[in-house]
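For reference, the structure is listed below as C-alpha coordinates.
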Protein chains: 2
Amino acid sequence: MSSAPQPFPTPQEPSDAPRLLELGPAPEEPCLRADAARNRARLLEAAARLIAEHGVAGVTMEAVASAAKVGKGTVFRRFGDRTGLLMALLDHSGRQLQADFLGGPPPLGPGAPPLERLRAFGIAVLYRSAEQLELQLAAQPEACRRFSHPATQALRTHVTMLLRQIVPDADCELLAQTLLASLDPALIHHLTRQRHMPMARLESAWVDLVARVTRTRPPV
Amino acid sequence: MSSAPQPFPTPQEPSDAPRLLELGPAPEEPCLRADAARNRARLLEAAARLIAEHGVAGVTMEAVASAAKVGKGTVFRRFGDRTGLLMALLDHSGRQLQADFLGGPPPLGPGAPPLERLRAFGIAVLYRSAEQLELQLAAQPEACRRFSHPATQALRTHVTMLLRQIVPDADCELLAQTLLASLDPALIHHLTRQRHMPMARLESAWVDLVARVTRTRPPV
DNA sequence: AACTTAAACGGACCTTGGTCCGGATCGTAA
DNA sequence: TTACGATCCGGACCAAGGTCCGTTTAAGTT
(Lines give C-alpha, C1' and ligand atoms only; values in the text may rest on other atoms or scores of the structure.)
Protein backbone atom coordinates (compact mmCIF):
# COMPACT_ATOMS: atom_id res chain seq x y z
CA MET A 1 0.00 0.00 0.00
CA SER A 2 2.87 2.30 0.68
CA SER A 3 5.53 0.50 -1.32
CA ALA A 4 4.54 2.25 -4.51
CA PRO A 5 7.45 4.24 -5.89
CA GLN A 6 6.77 7.74 -4.70
CA PRO A 7 7.38 10.06 -7.58
CA PHE A 8 8.99 12.72 -5.45
CA PRO A 9 10.75 11.11 -2.52
CA THR A 10 11.83 14.55 -1.37
CA PRO A 11 8.66 16.52 -0.87
CA GLN A 12 10.44 18.85 1.49
CA GLU A 13 13.76 20.55 1.40
CA PRO A 14 15.61 17.59 2.78
CA SER A 15 18.82 18.85 4.26
CA ASP A 16 20.37 22.20 5.06
CA ALA A 17 17.84 22.32 7.80
CA PRO A 18 18.46 20.37 11.00
CA ARG A 19 21.87 21.83 11.40
CA LEU A 20 20.31 25.22 11.79
CA LEU A 21 19.69 24.51 15.41
CA GLU A 22 23.36 24.50 16.18
CA LEU A 23 24.06 27.60 14.14
CA GLY A 24 24.58 27.09 10.52
CA PRO A 25 26.37 28.54 7.67
CA ALA A 26 25.21 25.21 6.22
CA PRO A 27 26.07 26.61 2.82
CA GLU A 28 23.36 24.95 0.82
CA GLU A 29 22.37 21.47 -0.13
CA PRO A 30 25.49 19.49 0.67
CA CYS A 31 24.91 16.31 -1.31
CA LEU A 32 23.18 17.27 -4.51
CA ARG A 33 24.15 16.11 -7.89
CA ALA A 34 25.88 18.80 -9.89
CA ASP A 35 22.98 19.47 -12.22
CA ALA A 36 20.54 19.50 -9.34
CA ALA A 37 22.54 22.08 -7.46
CA ARG A 38 22.89 24.23 -10.53
CA ASN A 39 19.16 24.11 -11.19
CA ARG A 40 18.38 24.88 -7.61
CA ALA A 41 20.42 28.03 -7.78
CA ARG A 42 18.88 29.03 -11.08
CA LEU A 43 15.42 28.51 -9.70
CA LEU A 44 16.02 30.64 -6.65
CA GLU A 45 17.52 33.37 -8.75
CA ALA A 46 14.65 33.23 -11.21
CA ALA A 47 12.12 33.37 -8.42
CA ALA A 48 13.81 36.37 -6.87
CA ARG A 49 13.83 38.12 -10.20
CA LEU A 50 10.16 37.40 -10.76
CA ILE A 51 9.31 38.80 -7.35
CA ALA A 52 11.25 41.94 -8.06
CA GLU A 53 9.50 42.38 -11.38
CA HIS A 54 5.94 41.26 -10.80
CA GLY A 55 5.55 40.94 -7.06
CA VAL A 56 4.95 37.74 -5.19
CA ALA A 57 1.78 37.06 -7.15
CA GLY A 58 3.86 36.73 -10.27
CA VAL A 59 5.73 33.80 -8.83
CA THR A 60 3.93 31.00 -10.58
CA MET A 61 5.54 27.63 -10.50
CA GLU A 62 5.45 27.47 -14.26
CA ALA A 63 6.79 30.97 -14.57
CA VAL A 64 9.68 30.20 -12.27
CA ALA A 65 10.37 26.98 -14.12
CA SER A 66 10.45 28.54 -17.54
CA ALA A 67 12.36 31.58 -16.31
CA ALA A 68 14.99 29.20 -15.02
CA LYS A 69 14.85 27.19 -18.25
CA VAL A 70 13.82 24.11 -16.36
CA GLY A 71 10.89 21.73 -16.33
CA LYS A 72 8.05 22.24 -13.95
CA GLY A 73 8.61 18.91 -12.28
CA THR A 74 12.07 20.01 -11.29
CA VAL A 75 10.73 22.89 -9.26
CA PHE A 76 8.48 20.61 -7.31
CA ARG A 77 11.08 17.94 -6.76
CA ARG A 78 13.47 20.51 -5.36
CA PHE A 79 11.13 22.57 -3.20
CA GLY A 80 8.16 20.33 -2.62
CA ASP A 81 5.57 22.96 -3.28
CA ARG A 82 5.08 26.65 -3.74
CA THR A 83 5.34 27.34 -0.05
CA GLY A 84 8.59 25.43 0.03
CA LEU A 85 10.01 27.63 -2.67
CA LEU A 86 8.96 30.79 -0.89
CA MET A 87 10.42 29.55 2.37
CA ALA A 88 13.69 28.80 0.65
CA LEU A 89 13.78 32.39 -0.49
CA LEU A 90 13.12 33.51 3.04
CA ASP A 91 15.80 31.28 4.41
CA HIS A 92 18.64 33.63 3.76
CA SER A 93 17.55 36.39 6.08
CA GLY A 94 16.48 33.78 8.57
CA ARG A 95 20.00 32.48 8.70
CA GLN A 96 21.32 35.98 9.05
CA LEU A 97 19.19 36.64 12.09
CA GLN A 98 20.17 33.32 13.52
CA ALA A 99 23.82 34.04 13.18
CA ASP A 100 23.27 37.37 14.84
CA PHE A 101 21.70 36.08 17.97
CA LEU A 102 23.80 32.97 18.22
CA GLY A 103 27.19 34.47 17.62
CA GLY A 104 26.84 38.16 16.93
CA PRO A 105 27.64 41.09 19.18
CA PRO A 106 25.53 41.94 22.24
CA PRO A 107 22.86 42.74 23.10
CA LEU A 108 21.56 40.27 20.51
CA GLY A 109 24.44 37.88 20.74
CA PRO A 110 25.97 36.27 23.82
CA GLY A 111 27.57 38.58 26.34
CA ALA A 112 24.60 40.59 27.47
CA PRO A 113 22.36 39.48 30.33
CA PRO A 114 19.54 37.17 29.21
CA LEU A 115 16.77 39.65 29.81
CA GLU A 116 18.39 42.22 27.61
CA ARG A 117 19.06 39.65 24.92
CA LEU A 118 15.44 38.66 24.97
CA ARG A 119 14.35 42.25 24.54
CA ALA A 120 16.72 42.78 21.66
CA PHE A 121 15.68 39.51 20.10
CA GLY A 122 12.03 40.44 19.86
CA ILE A 123 12.76 43.82 18.41
CA ALA A 124 15.06 42.31 15.82
CA VAL A 125 12.46 39.79 14.77
CA LEU A 126 9.86 42.49 14.69
CA TYR A 127 11.70 44.68 12.24
CA ARG A 128 12.95 41.85 10.14
CA SER A 129 9.42 40.54 9.68
CA ALA A 130 8.17 43.98 8.87
CA GLU A 131 10.56 44.15 5.96
CA GLN A 132 9.54 40.97 4.22
CA LEU A 133 5.88 41.01 5.00
CA GLU A 134 4.87 40.35 1.44
CA LEU A 135 6.97 37.24 1.15
CA GLN A 136 6.16 36.00 4.62
CA LEU A 137 2.47 36.28 3.96
CA ALA A 138 2.68 34.68 0.57
CA ALA A 139 4.24 31.67 2.23
CA GLN A 140 1.31 31.52 4.64
CA PRO A 141 -1.62 32.11 2.34
CA GLU A 142 -4.50 33.88 4.04
CA ALA A 143 -2.90 33.53 7.42
CA CYS A 144 -4.06 37.01 8.23
CA ARG A 145 -7.70 36.46 7.45
CA ARG A 146 -8.22 34.91 10.84
CA PHE A 147 -7.60 38.25 12.50
CA SER A 148 -10.33 40.03 10.62
CA HIS A 149 -12.89 37.32 11.10
CA PRO A 150 -15.74 38.75 13.16
CA ALA A 151 -15.72 35.93 15.67
CA THR A 152 -12.05 36.52 16.31
CA GLN A 153 -12.70 40.20 16.72
CA ALA A 154 -15.31 39.42 19.30
CA LEU A 155 -12.86 37.33 21.28
CA ARG A 156 -10.33 40.11 21.10
CA THR A 157 -12.78 42.69 22.29
CA HIS A 158 -13.79 40.52 25.18
CA VAL A 159 -10.28 39.78 26.34
CA THR A 160 -9.30 43.40 25.97
CA MET A 161 -12.20 44.43 28.13
CA LEU A 162 -11.31 41.96 30.84
CA LEU A 163 -7.71 43.07 30.79
CA ARG A 164 -8.71 46.70 31.15
CA GLN A 165 -10.38 45.81 34.39
CA ILE A 166 -7.34 43.97 35.68
CA VAL A 167 -4.36 45.96 34.43
CA PRO A 168 -5.79 49.29 33.35
CA ASP A 169 -2.45 50.90 32.69
CA ALA A 170 -1.19 48.36 30.19
CA ASP A 171 -1.59 48.26 26.42
CA CYS A 172 -4.49 45.92 26.82
CA GLU A 173 -5.24 45.61 23.17
CA LEU A 174 -1.86 44.23 22.31
CA LEU A 175 -1.76 42.18 25.46
CA ALA A 176 -5.05 40.63 24.41
CA GLN A 177 -3.65 39.91 21.01
CA THR A 178 -0.76 38.08 22.60
CA LEU A 179 -2.95 36.05 24.89
CA LEU A 180 -5.15 35.05 21.99
CA ALA A 181 -2.14 34.16 19.92
CA SER A 182 -1.23 31.58 22.50
CA LEU A 183 -4.62 29.96 21.95
CA ASP A 184 -4.33 29.81 18.18
CA PRO A 185 -5.75 26.56 16.81
CA ALA A 186 -2.73 25.95 14.65
CA LEU A 187 -0.49 26.31 17.66
CA ILE A 188 -2.64 24.00 19.72
CA HIS A 189 -2.50 21.47 16.96
CA HIS A 190 1.25 21.70 16.77
CA LEU A 191 1.70 21.34 20.49
CA THR A 192 -0.73 18.53 21.08
CA ARG A 193 -0.42 16.53 17.90
CA GLN A 194 3.14 17.06 16.79
CA ARG A 195 4.88 17.66 20.08
CA HIS A 196 2.52 15.50 22.09
CA MET A 197 1.89 17.82 24.96
CA PRO A 198 -1.12 16.90 27.06
CA MET A 199 -3.96 19.37 27.20
CA ALA A 200 -3.47 19.68 30.93
CA ARG A 201 -0.09 21.22 30.34
CA LEU A 202 -1.48 23.75 27.93
CA GLU A 203 -4.19 24.51 30.39
CA SER A 204 -1.86 25.22 33.26
CA ALA A 205 0.43 27.16 30.98
CA TRP A 206 -2.51 29.39 30.16
CA VAL A 207 -3.30 29.95 33.80
CA ASP A 208 0.31 30.72 34.51
CA LEU A 209 0.53 33.06 31.55
CA VAL A 210 -2.51 34.97 32.69
CA ALA A 211 -1.04 35.23 36.15
CA ARG A 212 2.26 36.55 34.87
CA VAL A 213 0.76 38.99 32.46
CA THR A 214 -1.71 40.46 34.90
CA ARG A 215 0.66 40.62 37.81
CA THR A 216 0.85 44.22 38.94
CA ARG A 217 4.26 45.76 39.06
CA PRO A 218 6.23 44.87 42.19
CA PRO A 219 7.75 47.79 44.14
CA VAL A 220 10.73 48.03 41.78
CA MET B 1 -10.66 50.20 -14.10
CA SER B 2 -12.87 49.11 -11.27
CA SER B 3 -16.25 49.86 -12.79
CA ALA B 4 -16.41 46.53 -14.54
CA PRO B 5 -19.38 44.52 -13.34
CA GLN B 6 -17.93 42.24 -10.72
CA PRO B 7 -19.41 38.83 -11.26
CA PHE B 8 -19.70 38.12 -7.56
CA PRO B 9 -20.43 41.34 -5.71
CA THR B 10 -20.50 39.39 -2.47
CA PRO B 11 -17.12 37.73 -2.21
CA GLN B 12 -17.49 37.41 1.53
CA GLU B 13 -20.30 36.40 3.77
CA PRO B 14 -21.91 39.82 3.76
CA SER B 15 -24.05 40.04 6.84
CA ASP B 16 -24.59 38.01 10.01
CA ALA B 17 -21.16 39.15 11.00
CA PRO B 18 -20.70 42.65 12.42
CA ARG B 19 -23.51 42.12 14.87
CA LEU B 20 -21.46 39.40 16.49
CA LEU B 21 -19.60 41.98 18.49
CA GLU B 22 -22.66 42.87 20.49
CA LEU B 23 -23.69 39.28 21.02
CA GLY B 24 -25.67 37.77 18.32
CA PRO B 25 -28.20 35.15 17.76
CA ALA B 26 -28.21 36.85 14.36
CA PRO B 27 -30.12 33.87 13.10
CA GLU B 28 -28.70 33.68 9.63
CA GLU B 29 -28.66 35.77 6.52
CA PRO B 30 -31.52 38.17 7.13
CA CYS B 31 -32.16 39.51 3.65
CA LEU B 32 -31.64 36.69 1.20
CA ARG B 33 -33.93 35.74 -1.54
CA ALA B 34 -35.92 32.63 -0.70
CA ASP B 35 -34.06 30.37 -3.11
CA ALA B 36 -30.73 31.74 -2.01
CA ALA B 37 -31.46 31.04 1.63
CA ARG B 38 -32.65 27.55 0.83
CA ASN B 39 -29.52 26.81 -1.15
CA ARG B 40 -27.32 28.21 1.57
CA ALA B 41 -28.81 25.84 4.07
CA ARG B 42 -28.54 22.90 1.70
CA LEU B 43 -24.91 23.72 1.03
CA LEU B 44 -24.00 23.88 4.69
CA GLU B 45 -25.79 20.64 5.35
CA ALA B 46 -24.13 18.95 2.40
CA ALA B 47 -20.72 20.18 3.50
CA ALA B 48 -21.26 18.89 7.00
CA ARG B 49 -22.30 15.53 5.64
CA LEU B 50 -19.27 15.35 3.39
CA ILE B 51 -16.99 16.09 6.30
CA ALA B 52 -18.61 13.40 8.36
CA GLU B 53 -18.22 10.88 5.55
CA HIS B 54 -14.91 11.67 3.95
CA GLY B 55 -13.15 14.05 6.27
CA VAL B 56 -12.34 17.65 5.52
CA ALA B 57 -10.29 16.68 2.50
CA GLY B 58 -13.44 15.37 0.87
CA VAL B 59 -14.99 18.80 0.95
CA THR B 60 -14.40 19.82 -2.62
CA MET B 61 -16.31 22.77 -3.88
CA GLU B 62 -17.69 20.67 -6.69
CA ALA B 63 -18.52 17.84 -4.35
CA VAL B 64 -20.40 20.15 -2.04
CA ALA B 65 -22.20 21.71 -4.95
CA SER B 66 -23.36 18.48 -6.46
CA ALA B 67 -24.17 16.98 -3.07
CA ALA B 68 -26.42 19.96 -2.51
CA LYS B 69 -27.83 19.63 -6.03
CA VAL B 70 -26.61 23.06 -6.89
CA GLY B 71 -24.27 24.64 -9.39
CA LYS B 72 -20.70 25.29 -8.49
CA GLY B 73 -21.03 29.01 -9.02
CA THR B 74 -23.67 29.13 -6.34
CA VAL B 75 -21.27 27.89 -3.72
CA PHE B 76 -18.80 30.59 -4.53
CA ARG B 77 -21.35 33.36 -4.69
CA ARG B 78 -22.64 32.41 -1.27
CA PHE B 79 -19.39 31.77 0.57
CA GLY B 80 -16.77 33.55 -1.46
CA ASP B 81 -14.26 30.75 -1.41
CA ARG B 82 -13.47 27.47 0.22
CA THR B 83 -12.19 29.08 3.37
CA GLY B 84 -15.40 31.05 3.58
CA LEU B 85 -17.42 27.89 3.48
CA LEU B 86 -15.33 26.26 6.17
CA MET B 87 -15.58 29.33 8.35
CA ALA B 88 -19.32 29.34 7.95
CA LEU B 89 -19.34 25.78 9.23
CA LEU B 90 -17.22 26.85 12.17
CA ASP B 91 -19.45 29.76 12.91
CA HIS B 92 -21.95 27.86 14.92
CA SER B 93 -19.68 26.81 17.74
CA GLY B 94 -18.08 30.22 17.61
CA ARG B 95 -21.42 31.79 18.35
CA GLN B 96 -22.00 29.32 21.12
CA LEU B 97 -18.79 30.25 22.86
CA GLN B 98 -19.55 33.88 22.38
CA ALA B 99 -22.93 33.56 23.97
CA ASP B 100 -21.32 31.75 26.87
CA PHE B 101 -18.81 34.39 27.78
CA LEU B 102 -21.06 37.31 27.01
CA GLY B 103 -24.19 36.21 28.78
CA GLY B 104 -23.66 32.75 30.23
CA PRO B 105 -23.12 31.77 33.83
CA PRO B 106 -19.88 32.52 35.70
CA PRO B 107 -17.00 32.02 35.74
CA LEU B 108 -17.15 32.39 31.95
CA GLY B 109 -20.00 34.85 31.89
CA PRO B 110 -20.40 38.09 33.79
CA GLY B 111 -20.56 37.87 37.55
CA ALA B 112 -17.15 36.47 38.35
CA PRO B 113 -14.13 38.71 38.90
CA PRO B 114 -12.30 39.57 35.66
CA LEU B 115 -9.23 37.55 36.44
CA GLU B 116 -11.25 34.42 36.94
CA ARG B 117 -13.24 35.07 33.82
CA LEU B 118 -10.06 35.43 31.86
CA ARG B 119 -8.77 32.12 33.14
CA ALA B 120 -11.98 30.38 32.30
CA PHE B 121 -12.07 32.00 28.91
CA GLY B 122 -8.73 30.63 27.83
CA ILE B 123 -9.53 27.17 28.99
CA ALA B 124 -12.83 27.23 27.18
CA VAL B 125 -11.20 28.33 23.95
CA LEU B 126 -8.51 25.76 24.42
CA TYR B 127 -10.85 22.84 24.62
CA ARG B 128 -13.20 24.08 21.99
CA SER B 129 -10.34 24.44 19.53
CA ALA B 130 -9.07 21.02 20.40
CA GLU B 131 -12.36 19.54 19.34
CA GLN B 132 -12.53 21.00 15.88
CA LEU B 133 -8.88 20.96 15.03
CA GLU B 134 -9.42 19.33 11.68
CA LEU B 135 -11.86 21.94 10.54
CA GLN B 136 -9.94 24.84 12.01
CA LEU B 137 -6.80 23.77 10.23
CA ALA B 138 -8.53 23.15 6.96
CA ALA B 139 -9.70 26.73 7.05
CA GLN B 140 -6.11 27.86 7.53
CA PRO B 141 -4.24 25.66 5.09
CA GLU B 142 -0.72 24.85 6.19
CA ALA B 143 -0.91 27.28 9.06
CA CYS B 144 0.93 24.75 11.17
CA ARG B 145 3.85 24.28 8.86
CA ARG B 146 5.45 27.39 10.22
CA PHE B 147 5.98 25.69 13.56
CA SER B 148 7.95 22.83 12.14
CA HIS B 149 10.11 24.98 9.94
CA PRO B 150 13.71 24.62 11.11
CA ALA B 151 14.29 28.35 11.34
CA THR B 152 11.28 28.70 13.58
CA GLN B 153 12.52 25.87 15.71
CA ALA B 154 15.81 27.62 16.10
CA LEU B 155 14.09 30.77 17.31
CA ARG B 156 12.08 28.73 19.75
CA THR B 157 15.11 26.99 21.11
CA HIS B 158 16.89 30.26 21.57
CA VAL B 159 14.05 31.98 23.37
CA THR B 160 13.48 28.95 25.54
CA MET B 161 17.09 28.97 26.56
CA LEU B 162 17.03 32.63 27.45
CA LEU B 163 13.88 32.17 29.46
CA ARG B 164 15.40 29.30 31.39
CA GLN B 165 18.07 31.65 32.58
CA ILE B 166 15.58 34.26 33.66
CA VAL B 167 12.64 32.32 35.05
CA PRO B 168 13.96 28.81 35.60
CA ASP B 169 10.88 27.54 37.35
CA ALA B 170 8.40 28.35 34.60
CA ASP B 171 7.27 26.24 31.67
CA CYS B 172 9.77 28.00 29.49
CA GLU B 173 8.97 26.08 26.37
CA LEU B 174 5.38 27.15 26.32
CA LEU B 175 6.26 30.62 27.45
CA ALA B 176 8.64 30.86 24.53
CA GLN B 177 5.93 29.69 22.21
CA THR B 178 3.69 32.46 23.46
CA LEU B 179 6.32 35.12 23.09
CA LEU B 180 7.04 34.01 19.55
CA ALA B 181 3.38 33.93 18.73
CA SER B 182 3.23 37.62 19.48
CA LEU B 183 5.89 38.16 16.82
CA ASP B 184 4.14 36.20 14.13
CA PRO B 185 4.47 37.87 10.73
CA ALA B 186 0.79 37.53 10.00
CA LEU B 187 -0.02 39.24 13.27
CA ILE B 188 2.44 42.00 12.60
CA HIS B 189 0.91 42.51 9.22
CA HIS B 190 -2.54 42.70 10.69
CA LEU B 191 -1.54 45.16 13.36
CA THR B 192 0.54 47.47 11.23
CA ARG B 193 -1.26 47.33 7.91
CA GLN B 194 -4.85 46.73 8.80
CA ARG B 195 -5.08 48.35 12.21
CA HIS B 196 -2.43 50.93 11.51
CA MET B 197 -0.41 50.59 14.66
CA PRO B 198 3.04 52.14 14.47
CA MET B 199 5.99 49.85 14.87
CA ALA B 200 7.05 51.78 17.93
CA ARG B 201 3.94 50.64 19.71
CA LEU B 202 4.58 47.02 18.86
CA GLU B 203 8.11 47.47 20.00
CA SER B 204 7.21 48.82 23.40
CA ALA B 205 4.48 46.25 23.75
CA TRP B 206 7.12 43.59 23.27
CA VAL B 207 9.35 45.09 25.91
CA ASP B 208 6.43 45.34 28.27
CA LEU B 209 5.38 41.79 27.55
CA VAL B 210 8.84 40.49 28.27
CA ALA B 211 8.90 42.43 31.51
CA ARG B 212 5.55 41.05 32.63
CA VAL B 213 6.29 37.52 31.69
CA THR B 214 9.68 37.38 33.32
CA ARG B 215 8.70 39.21 36.46
CA THR B 216 9.42 36.97 39.38
CA ARG B 217 6.58 36.24 41.71
CA PRO B 218 5.88 38.98 44.25
CA PRO B 219 5.70 37.87 47.90
CA VAL B 220 2.02 36.92 47.55
C1' DA C 1 36.64 3.61 -21.55
C1' DA C 2 32.57 1.02 -21.04
C1' DC C 3 29.11 -0.17 -17.68
C1' DT C 4 25.69 0.46 -13.99
C1' DT C 5 22.55 2.64 -11.14
C1' DA C 6 20.53 5.94 -8.46
C1' DA C 7 19.10 10.40 -9.13
C1' DA C 8 17.38 14.17 -11.92
C1' DC C 9 14.81 15.90 -15.85
C1' DG C 10 10.82 17.46 -18.55
C1' DG C 11 6.44 18.25 -19.79
C1' DA C 12 1.97 16.01 -20.60
C1' DC C 13 -1.80 15.34 -17.53
C1' DC C 14 -5.02 15.63 -13.65
C1' DT C 15 -7.47 18.06 -10.06
C1' DT C 16 -9.48 21.77 -8.01
C1' DG C 17 -10.20 26.50 -6.79
C1' DG C 18 -12.15 30.34 -8.87
C1' DT C 19 -14.61 33.22 -12.88
C1' DC C 20 -18.07 34.43 -16.39
C1' DC C 21 -22.35 35.29 -18.39
C1' DG C 22 -26.76 33.81 -20.68
C1' DG C 23 -30.88 32.38 -18.91
C1' DA C 24 -34.19 31.15 -15.06
C1' DT C 25 -36.49 32.98 -10.64
C1' DC C 26 -38.06 35.76 -7.13
C1' DG C 27 -40.39 39.74 -5.29
C1' DT C 28 -43.00 43.60 -6.14
C1' DA C 29 -45.74 47.12 -7.95
C1' DA C 30 -49.22 48.40 -11.08
C1' DT D 1 -52.50 38.96 -13.05
C1' DT D 2 -48.97 40.72 -15.56
C1' DA D 3 -44.94 42.94 -16.13
C1' DC D 4 -40.29 44.10 -14.87
C1' DG D 5 -35.97 44.68 -12.59
C1' DA D 6 -32.91 42.79 -9.29
C1' DT D 7 -31.06 38.69 -7.81
C1' DC D 8 -29.71 34.16 -8.36
C1' DC D 9 -28.53 29.84 -10.83
C1' DG D 10 -25.80 26.60 -13.56
C1' DG D 11 -22.13 24.71 -15.67
C1' DA D 12 -18.70 25.67 -19.28
C1' DC D 13 -14.23 27.69 -18.87
C1' DC D 14 -9.61 29.11 -17.16
C1' DA D 15 -5.37 29.13 -14.41
C1' DA D 16 -2.31 27.23 -11.33
C1' DG D 17 -0.73 23.75 -8.21
C1' DG D 18 0.67 19.13 -8.02
C1' DT D 19 1.64 14.20 -10.05
C1' DC D 20 3.44 10.63 -13.14
C1' DC D 21 6.54 8.20 -15.70
C1' DG D 22 9.56 7.45 -19.76
C1' DT D 23 14.04 9.36 -20.78
C1' DT D 24 18.53 11.42 -19.72
C1' DT D 25 22.69 12.04 -17.08
C1' DA D 26 25.99 12.52 -13.24
C1' DA D 27 29.16 9.85 -10.82
C1' DG D 28 31.16 5.98 -9.25
C1' DT D 29 32.94 0.90 -10.54
C1' DT D 30 35.54 -2.50 -13.00
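Proteins come first, then strands; the chains are lettered A, B, ... in the order of their sequence lines, and each starts at number 1.
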With sugar-phosphate meaning primed atoms plus P, OP1 and OP2, does A:Arg33 contact a base, only sugar-phosphate, or nothing at under 4.0 Å between heavy atoms? base
For A:Arg193, look at atom CZ and say whether over 12 heavy atoms of other residues, nucleotides or ligands are found less than 6.0 Å away. no
Whole-Å gap separating [atom2] ([N]) and [atom1] ([X]):
X        : N      : atom1 : atom2 : result
A:Arg78  : C:dG10 : CZ    : P     : 11 Å
B:Phe79  : D:dC8  : CZ    : P     : 13 Å
A:Asp81  : D:dA16 : CG    : C1'   : 13 Å
A:Arg82  : C:dG17 : CZ    : P     : 17 Å
A:Glu142 : C:dG17 : CD    : P     : 12 Å
B:Leu86  : C:dG17 : CG    : P     : 10 Å
A:Leu32  : C:dA6  : CG    : P     : 18 Å
A:Phe76  : C:dA8  : CZ    : P     : 17 Å

With respect to the phosphate group of [N], does any side-chain polar atom (N or O) of [X] fall under 4.0 Å of OP1 or OP2?
X       : N      : value
B:Arg77 : C:dC20 : no
A:Asn39 : C:dA8  : no
A:Thr74 : C:dG10 : yes

For B:Phe101, does its backbone N or O pair with a side-chain atom of B:Arg117 as donor and acceptor, under 3.5 Å? yes
Any donor-acceptor N/O pair, A:Ser129 side chain to A:Val125 backbone, under 3.5 Å: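 Yes; at least one donor-acceptor contact below 3.5 Å.
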Among the nucleotides D:dG18, D:dA26, D:dC8, whichever has the atom closest to the side chain of A:Asp35 is D:dA26
Candidates D:dG17, C:dA8, D:dG10 - which lies nearest the side chain of B:Val70: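 Selected nucleotide (nearest to the side chain): D:dG10.
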Test item: side-chain donor near acceptor, A:Ser182 and B:Gln177, under 3.5 Å: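 Side chains of A:Ser182 and B:Gln177: no pair found under 3.5 Å.
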Between B:Gln153 and B:Ser148, is any side-chain donor less than 3.5 angstrom from a side-chain acceptor? no
Contact nearer the 5' end of DNA chain C, comparing B:Arg38 with B:Val59: B:Val59
Closest-nucleotide ordering on DNA chain C, the 5'-leading residue of B:Ala34 and B:Ala57: B:Ala57
Taking for each residue the nucleotide of DNA chain D with the nearest heavy atom, is it B:Ala36 or A:Lys72 whose nucleotide lies nearer the 5' end? B:Ala36
